[in-house]
Amino acid sequence: MMAEELKAGCARPTGGLVGQPVPSPSEPISTTQKEERAMIQVGKPAPDFVSPAYHKGAFTNVKLSDHLGKWVVLCFYPGDFTFV
Amino acid sequence: MSVDSVFVHKMWNDHEISKMVKGGVPYPMLSDGGGKVGTAYGVYGEDAGVENRGRFIIDPDGVIQGYEVLTPPVGRHVGETLRQIQAFQLVRASKGTEATPSGWKPGRMTLKPGPDLVGKVWEVWKTDMAAD
């Protein structure tokens, strides 16, 4: 479940989707592609991603597909220091 | 998951949440700077630059079984999420032979969909079971 712990540093790590093509600047994303990408449907696979995380005192990375075989609740919220 | 950095997650956990929950947040607090993941899940609000309150139940095969998305001012009911997970787990364990009618909670009767049930739900399921 836990990936490697990250070294502390000044860089602000970011994550992103796994297995999604990165559009080149010469090929801007069309509106249709954008809409397709945002399509979420029950009964369909959850988009895979890797995200930096804070977990029990450590900075780490979390990949959704590492959790296959378990039930997962993925919860989004507007911001820290607000209610959930 | 929110657009906050992991450093802010640490501050929130260490200085506020750990005062409400012993030991702090037990699960990973994910960071989605830029909202790339939130955009893929349809919950990122570009105007405010933050994620809406989206909650996705993902099964052991990586398939989304249910989701709920609320605008920021209204909070969620965690008990309802747990109830839904219990229902999905029951259905999965039954390999789809059982279904959980409206208002189902653990211990309550399930339905066995099939030709014999058509037109007979009213005999076993009552409307007052829907909302208590």
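All values reported here derive from a predicted model rather than from experimental measurement. Each chain gets a letter, A, B and so on, in the order its sequence line appears, and its residues count up from 1.
- Heavy-atom distances place both the backbone and the side chain of B/D59 under 4.5 Å from chain A.
- Of all the listed residues (B/E16, B/R55, B/M11, B/M29), the one sharing the greatest number of non-hydrogen pairs under 4.5 Å with chain A is B/M29.
- By the 6.0 Å contact criterion, NE2 on B/H77 is open, its count of non-hydrogen atoms from other residues, nucleotides or ligands being 12 or less.
- Comparing B/D32, B/V25, B/I17, B/N13 by heavy-atom pairs within less than 4.5 Å of chain A, the highest count is held by B/N13.
- Transitive grouping of hydrophobic side chains (ILVMFWY, heavy atoms separated by less than 4.5 Å) brings B/V43 and A/V72 into a common cluster.
- The hydrophobic cluster containing B/V78 does not contain A/L74, counting ILVMFWY residues as joined when their side-chain heavy atoms lie under 4.5 angstrom apart, directly or transitively.
- Listed here is the closest heavy atom pair of B/H9 and A/D80: ND1-OD2, 2.7 Å.
- Applying the side-chain contact (heavy atoms from CB on, under 4.5 Å) test between B/P28 and each of A/V62, A/T60, A/N61 identifies A/V62 as the sole match.
- Of the residues considered (A/P45, A/G79, A/P78, A/S51), A/P78 shows the highest number of contacts with chain B, using heavy-atom pairs under 4.5 Å.
- In this structure, B/V118 is not a member of the same hydrophobic cluster as B/M109, with clusters built from ILVMFWY side-chain heavy atoms closer than 4.5 Å.
- B/M129 and B/L111 end up in the same hydrophobic cluster when Ile, Leu, Val, Met, Phe, Trp and Tyr side chains are linked at under 4.5 Å.
- Under the 4.5 Å side-chain criterion, counting only non-hydrogen atoms from C-beta, B/I58 is not in contact with A/V73.
- Enclosure of atom NZ in B/K126 by more than 12 non-hydrogen atoms of other residues, nucleotides or ligands within 6.0 angstrom is indicated.
- Contact annotation for B/F88: both backbone and side-chain heavy atoms come within less than 4.5 Å of a heavy atom of chain A.
- A donor and an acceptor atom, one from each side chain of B/D4 and A/Y77, are nowhere located under 3.5 Å apart.
- Top candidate by heavy-atom pairs under 4.5 Å with chain A, chosen from B/I57, B/L70, B/V8, B/T81, is B/V8.
- For B/E68, no part lies near chain A; criterion is any non-hydrogen pair under 4.5 Å.
- Here the closest heavy-atom approach between residue A/A46 and residue B/I64 is recorded as CB-CG1, 3.6 Å.
- Proximity to chain B involves both the backbone and the side chain of A/F81, based on heavy atoms less than 4.5 angstrom apart.
- Under the 4.5 Å side-chain criterion, counting only non-hydrogen atoms from C-beta, B/R53 is not in contact with A/C75.
- In this structure, the portion of B/I85 lying under 4.5 Å from any heavy atom of chain A is its side chain and not its backbone.
- The main-chain N or O of A/G15 is found under 3.5 Å from a side-chain atom of B/K36 such that the two form a donor-acceptor pair.
- B/V37 touches chain A through backbone and side chain together, each having a heavy atom under 4.5 Å away.
- Aromatic ring pairs are classed by plane angle as parallel below 30°, tilted from 30° to 60° and perpendicular above 60°; the pair B/Y41 and A/F76 is tilted.
- Here the side chains of A/I40 and B/F56 are in contact, with some heavy-atom distance below 4.5 Å.
- Counting only heavy atoms from C-beta outward, the side chains of B/M1 and A/F49 approach each other to under 4.5 Å.
- Nearest heavy-atom pair, A/H55 versus B/P26, reported as atom, atom and distance to 0.1 Å: NE2-O, 3.0 Å.
- With a 4.5 angstrom heavy-atom cutoff, B/Q65 touches chain A via backbone and side-chain atoms both.
- In this structure, NZ on A/K56 lies 12.0 Å from OH on B/Y27, to the nearest 0.5 angstrom.
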